[in-house]
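Order of the sequence lines fixes the chain letters, A, B, ..., with proteins taken first and strands second; residue numbering starts at 1 for each chain.
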Amino acid sequence: MGFFEKLKSKMTEQTDAVTEKFKEGLTKTRDSFAEQMNELFAQYRTVDEEFFEELEEILIGADAGVSTVMELIDELKEEAKRRNIKDSKNIAPLITEILAEKLDKSGQDTALNIQEKDMTVILFVGVNGVGKTTTIGKMAHSFKQEGKTVVMAAGDTFRAGAIEQLDVWGDRVGVDVVKQQAGSDPAAVMYDAIQSARSKGADVLLCDTAGRLQNKVNLMKELEKVKRVISREIPDAPHEVLLVLDATTGQNAMSQAKTFQEATEVTGIALTKLDGTAKGGIVLAVRNELDIPVKLVGLGEGIDDMQPFEAEQFVYGLFKELVEEQEKENLN
Amino acid sequence: MAFEGLAERLQATFDKMKGRGKVSEADVKEMMREVRLALLEADVNFKVVKKFVNRVKERAVGQEVMKSLTPGQQVIKVVNEELTELMGGEQSKIAAAQKAPTVVMLAGLQGAGKTTTVAKVANYLRKHHNRKPLLAAADVYRPAAIDQLETLGKQLNMPVFSLGDQTSPVDIAKGAVEQAKEEHCDYVLIDTAGRLHIDEELMGELQEVKEAVQPDEILLVVDAMTGQDAVNVAESFHEQLGVTGAILTKLDGDTRGGAALSVREVTGVPIKFAGVGEKIAELDVFHPERMASRILGMGDMLSLIEKAQTNVDDERAKQLEKKMRSADLTFDDFLEQLEQVRNMGPLDELLQMMPGANKKAMKNIQVDESQIGRVEAIVRSMTKHEKENPSIMNASRKRRIAKGSGTTIQDVNRLLKQFEDMKKMMKQMTGGQKGKKKGKGGMQLPFMQ
């Protein structure tokens, strides 16, 4: 069974609703990506240097990053040679196969580390404006739907209006928010939140933090302290440290992932704003070079549009048209 | 994932061709490859890169580079020139309507930093142009966006016009302009909700706002960290709104900011401001030529020089220099010097602005601002007598200083030693005949580890 067929059969096992979300959310991404790929296959009948150069550009254009793309192209060239692929049409499945492999590199678990018996603490970190507070609001909603008791900690005490923003989410979702005044010590907010969440018997505590650029040493230190305070209160917490990344971000995402990982031992990535035309190719680079798994993706502005990440869904979303076209050809 | 500057990239290429005397066409090709990679790594859109490299190549293959004795520098020069030209030669100013108020609308994707930027621009207009702005809270979608603008307005002591989040942005914009007229405000700055450029409904709403208040300036707010997609975003906002300028935010990060080039290339409009910090005052007029160097990874020497000039008091600098020459530096002078350096901004920022700052060597210098605070605390815990005569320091005094500054005796000792070394170095530098002997590590400032 070829890779496309495998992918297709796997997808049919998935719940249709989830597949639909990915398809919809990635419409714009897919359109331009698949369009470009189709053009590529139409323009180059045979797999040669120029074909690879063009492919390189498409991938770089998706923000996949120069070094990751170079690596990918080299691998492709070798595989194509090994399998004696000369027709450009036949290389399409190979490309998707290698991409999916890269995204699912070490078979890391992309599921969130949820504590069955104890309270799960999730800390959200990231640079300014990536959508931390919104992501927390949506996560709170989805945990609540599962019947869990959720508490949110308003740890962004710096940005004007940030506490109010989380408060609005609290009202909207029907979840308690633990907060202090603007300007107070975020570590103290976390301490309070843990005590309060415990006394309420909460299942999940979602901790917001202020956005900070990763090259501000002092602010990164402050974040380390926030995490330290959480760990002091609950030894194995935070159970997840999620780095929120904006899908429109370019190569700087690598620097963000690296520095935040050093400061807070990031356990996963929440990739937001994937419903625009940005292709989120950085996911590929981050996974490939830093080995941090993507755990969540934001596929729209709706409250339900935060979804668990699945590499195959992601690749399927990108290559849907190609997969279908191949199928048609196989039938003929 | 080394973010090497173009200069370093090219250097590696030249090292390979050293000793061959002449530069061949193949060499130029190799160099252009490096230029291309450098720009792609800086997030310049690949289509923009393609066009750009072709332009540079034309000039390079021509006489300019190949005949030059220093082809590397020639290539950088050509690239820098072309880049600066593309960025738009000179800085540009914000519009002023013939009849007040001037209406300025800000638009952009979610999280680009529009609300913060509205406050920054308002502050800039008041501080540098003595204008009276009114802020209009027309982001009715993001929870608490109006609260955010109101809080910022309070901090600035500036009026904020809002009608809650149940009124349409069009009515809010109209109302704001009306109020500005009544209260004789010079500017109305309209904050709008972040939106995707492909969201037809919300883009239509912006067009309606535009129709209703006819802004004199429509500024696209772009996150400096944006990747390849900057082209699509800029193109679509420009097509649908006809933007008149752009503002680049979060430029205080460590991104190269190639998005600036993409935005400029596809819209042709000038970038007018750059957000360079979290504080309201941290907004700079955009300098195209400096951005060119930054994208190329060549440091931002001009900004550094400017920072130094505006923050270091000439008179005091002269006095200090005199003292340094006579080598009777006291801890008071030291403190003053520390303060002047500090006034120039975060130290790691300064270091980054230095050419070559991206080199590996710089990475080992960890500037820890809290470390400076510690040094300051130690010096401030000294008596006046001690500051002027560090030599009287004994164990009991050190113990007291350590206690007073919340540090350890080791910290105090280290500072005293570094201070002595510094004085010695100065003696050598300022013409002591014995000065030929080189200090072993060069000058080591107390906050460098």
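- The environment of A:Lys77 atom NZ is dense: over 12 non-hydrogen atoms of other residues, nucleotides or ligands sit within 6.0 angstrom.
- Residues of residues 148-157 of chain B that come closer than 4.5 Å to chain A, counting heavy atoms only, are B:Gln148, B:Thr151, B:Leu152, ordered by residue number.
- In terms of heavy-atom proximity, A:Gly61 sits nearest to B:Gln228 at O-CB, 3.2 Å.
- Atom CD1 in A:Ile60 sits 7.0 Å away from atom CG in B:Leu37 (nearest 0.5 Å).
- Inter-residue side-chain proximity for A:Leu213 and B:Met225 is flagged as met; some heavy-atom pair is nearer than 4.5 Å.
- Judged as a salt bridge (Lys or Arg N to Asp or Glu O under 4.0 Å), and not counting sequence neighbours, B:Lys120 has no contacts.
- A:Val127 has its side chain out of reach of B:Lys250: every pair of non-hydrogen atoms, C-beta onward, lies at least 4.5 Å apart.
- For B:Glu278, the side-chain contact (heavy atoms from CB on, under 4.5 Å) partners at least two apart in sequence or on another chain are A:Asn128, A:Phe158, A:Leu219.
- Between B:Ala144 and A:Gly161, the closest heavy-atom pair is CB-O, 3.6 Å.
- Residues B:Asp223 and A:Thr248 fail the side-chain proximity criterion, which asks for heavy atoms closer than 4.5 Å.
- Looking at B:Leu109, the atoms closer than 4.5 Å to chain A (heavy atoms on both sides) all sit in the side chain, from C-beta outward.
- The shortest distance between side-chain heavy atoms of A:Thr134 and B:Arg142 does not fall below 4.5 Å.
- Near-neighbour residues of residues 232-240 of chain B relative to chain A, defined by a heavy atom under 4.5 Å from a heavy atom of that chain, comprise B:Asn232.
- Closest non-hydrogen pair, A:Asp246 versus B:Gln110, comes out as OD2-O, 4.5 Å.
- The two residues B:Asp254 and A:Ser255 have their closest heavy-atom pair at OD2-OG, 2.9 Å.
- Residues A:Glu56 and B:Arg36 are paired through a salt bridge, judged by an N-O separation under 4.0 Å between the basic side chain and the carboxylate.
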